[in-house]
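Naming convention: chains lettered A, B, ... in sequence-line order (proteins, then strands); numbering from 1 in each chain.
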2 protein chains.
Amino acid sequence: MEFPSNIRKTQSRMRVWEILNHANTPLTAKEIAIRAAQDTKDQQGEGATEGALWLSSIYRALDAFANAHAVSRTVLSDSQEALYSLAGNGHHHYAICMNCKKKTELEGCPFAEEKTLHAVDQDFMIVGHTVEVYGYCKQCREQLSKKV
Amino acid sequence: MEFPSNIRKTQSRMRVWEILNHANTPLTAKEIAIRAAQDTKDQQGEGATEGALWLSSIYRALDAFANAHAVSRTVLSDSQEALYSLAGNGHHHYAICMNCKKKTELEGCPFAEEKTLHAVDQDFMIVGHTVEVYGYCKQCREQLSKKV
DNA sequence: TTGTTTCTGCGAATGATTCGCAATTGCAAC
DNA sequence: GTTGCAATTGCGAATCATTCGCAGAAACAA
């Protein structure tokens, strides 16, 4: 997926873009900030503050991308922070452990065959969807059952 | 669905329970507070403040219910406020208009046949899931296309 | 009725996100 | 490449949902 062409290509937006592009899971705004700071430190040495991305700028960049339909925003139901990832590249759904919060990617998408959507089709133009499965992962189940 | 038996049955919890029980869509904590205030006004007349539910109490009640698996909490991806509804009673998924935010109930659930979940089954105990379809409703599409 | 334990009222604290505004930067026309 | 203007950023302050803390008020078992 290419950097959206209808918005200005600025330094900070390009950095946010790069970070999302190299990430293999959705990131929070804060995580993006941390990675940006890390990159800066790697290049300019400890104590560098110049070049770090300000959180509000990250949010604004993400907003711009989201409006251009280039990144997608999701909120997992047990937290109130949003996760961002590049749209396109195919999309992903996750199974989230309610104990350790680990995310496991689901294979396939329940809407792949989109047979369940006929009720809406007619009156509703579908742009996207989210799916989230939650429960307990193996490790946590074992761990929790020991405690009893 | 019955009021959970493992938590104390207090006045405020019962009111939250009633409100959720009579609602036909998921509600935010604030909406619950408003309905509670409304009920109180209806019974005690204008200006009654006694009997209104404090927001933090509502959150605590919802938390208690959620722990007892009696209500479910969802966060729609374009906002950061949570929606609560009684669990059980079958569950619902919604199509949300990105313009007017109106929610239309989806018929059926893509996981009804749960064929897509085999990748997870083995290692992951599934407790629940959320599905959310977003796009534009008929009215908003018409309205938006006029503007161009 | 009493004692213990669990809630609630209330406000203050927290954490994510947004806003406001002056200074800066991207980019298009010269 | 310089100039000019609009879009963007840095930065902090504001907002909004949610959570915490604590003292007084219910629940409910004995």
Side-chain angles (χ1 to χ4, degrees), chain A residues 3-19 26-37 39-40 44 48-68 70-85 101, chain B residues 3-19 26-37 39-40 44 48-68 70-85 101:
Chain A
F3 193 101
S5 58
N6 45 337
I7 62 169
R8 276 194 191 174
K9 200 167 188 173
T10 68
Q11 303 243 26
S12 18
R13 303 226 254 235
M14 288 172 72
R15 298 193 48 209
V16 171
W17 187 262
E18 280 306 298
I19 289 168
L27 300 177
T28 64
K30 203 186 285 181
E31 286 168 336
I32 295 173
I34 291 170
R35 295 192 185 200
D39 292 353
T40 306
Q44 306 182 1
T49 56
E50 209 44 56
L53 291 179
W54 212 246
L55 259 181
S56 43
S57 306
I58 293 175
Y59 279 112
R60 283 189 277 223
L62 290 169
D63 239 49
F65 292 147
N67 281 332
V71 324
S72 72
R73 177 182 192 275
T74 323
V75 183
L76 264 36
S77 51
D78 68 336
S79 84
Q80 63 237 39
E81 57 191 352
L83 293 171
Y84 299 87
S85 61
K101 315 291 176 189
Chain B
F3 194 100
S5 59
N6 45 337
I7 62 170
R8 278 194 189 173
K9 199 167 188 171
T10 68
Q11 302 242 26
S12 21
R13 303 227 254 237
M14 287 173 72
R15 295 190 52 206
V16 171
W17 187 262
E18 280 306 297
I19 289 168
L27 300 177
T28 64
K30 203 185 286 179
E31 287 169 335
I32 295 174
I34 292 170
R35 296 194 184 199
D39 291 353
T40 306
Q44 307 182 3
T49 56
E50 209 45 56
L53 291 179
W54 211 247
L55 259 180
S56 44
S57 305
I58 293 175
Y59 279 112
R60 284 189 277 224
L62 290 169
D63 239 49
F65 292 146
N67 282 332
V71 324
S72 72
R73 177 182 192 275
T74 323
V75 183
L76 263 36
S77 52
D78 68 335
S79 84
Q80 64 237 39
E81 57 190 354
L83 293 171
Y84 300 86
S85 60
K101 316 290 176 191

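Annotation: side chain to side chain contact (heavy atoms under 4.5 Å, CB included) contacts of I7(B) (sequence neighbours excluded): F3(B), P4(B), R13(B), A64(B), F65(B). By the side chain to side chain contact (heavy atoms under 4.5 Å, CB included) test, E81(B) is found to be paired with T28(B), S79(B), residues two or more places apart in sequence or in another chain being considered. R35(A) is linked by a side-chain hydrogen bond (donor to acceptor under 3.5 Å, both in side chains) to nothing, counting only residues two or more places apart in sequence or in another chain.
Atom CD of E81(B) is separated from atom C1' of dC16(D) by 9 Å (rounded to the nearest Å). Residue L53(A) contributes atom CG, which lies 14 Å from atom P of dT25(C) at whole-angstrom precision. A straight line from OH of Y84(A) to C1' of dA16(C) spans 9 Å, rounded to a whole angstrom. As rounded to whole Å, 9 Å separates atom C1' of dT18(C) from atom CD of Q80(B). The CD1 atom of I32(B) sits 10 Å away from the P atom of dT18(D) (whole-angstrom rounding). We find that CD1 of I58(A) is positioned 14 Å from C1' of dT18(C), with the value rounded to whole Å. Taking atom OH of Y59(B) as the reference point, atom C1' of dG9(C) lies 16 Å away to the nearest angstrom. Look at CG on L55(B): it is 13 Å from C1' on dT8(C), rounded to the nearest Å.
Taking all atoms of both residues into account, the shortest heavy-atom contact from E31(A) to P26(A) is OE1-O, 4.1 Å.
Distance CE/M14(A) to NZ/K9(A): 5.0 Å, rounded to 0.5 Å. Here the straight-line distance linking atom CD1 of I58(B) with atom CG of L53(B) works out to 5.0 Å at 0.5 Å rounding.
Within the 4.0 angstrom heavy-atom criterion, no nucleotide atom of any strand lies near A61(B). A82(B) comes within 4.0 angstrom of the backbone, heavy atoms only, and of no base.
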Listed pairs, N/O of protein and of nucleotides 12-14 of chain D, under 3.5 Å:
none

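For the helix from dT1(C)-dA30(D) to dC30(C)-dG1(D), the terminal axes (five pairs an end, C1' atoms, rotation from four pairs onto the next four) enclose an angle of 40°, given to 10 degrees.
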Inset, instruction - Show the numbers, then the answer: is there a side-chain contact (heavy atoms from CB on, under 4.5 Å) between I32(A) and L62(A)? - result: CA-CA 10 Å; I32(A) 295 173; L62(A) 290 169; 4.1 Å; yes
Inset, instruction - Run the numbers on V71(B) and V16(B) for side-chain contact (heavy atoms from CB on, under 4.5 Å), then give the verdict. - result: CA-CA 11 Å; V71(B) 324; V16(B) 171; over 6 Å; no
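Of the candidate nucleotides dT18(D), dT6(C), dA16(C), dT18(D) has the atom lying nearest to any side-chain atom of R73(B).
Residues S12(B) and T28(A) both approach DNA chain C. Their nearest nucleotides, taken by heavy-atom distance, put S12(B) toward the 5′ side.
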Inset, instruction - Go along nucleotides 23-30 of chain D 5' to 3' and tag each nucleotide: B for a protein heavy atom under 4.0 Å from its base, S when only backbone or sugar atoms are that close, - otherwise. - result: ---BBS--
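More than 12 heavy-atom neighbours from other residues, nucleotides or ligands sit within 6.0 angstrom of CD on E18(A).
Here the side chain of R15(A) pairs a donor or acceptor atom with the backbone of A36(A) at under 3.5 angstrom.
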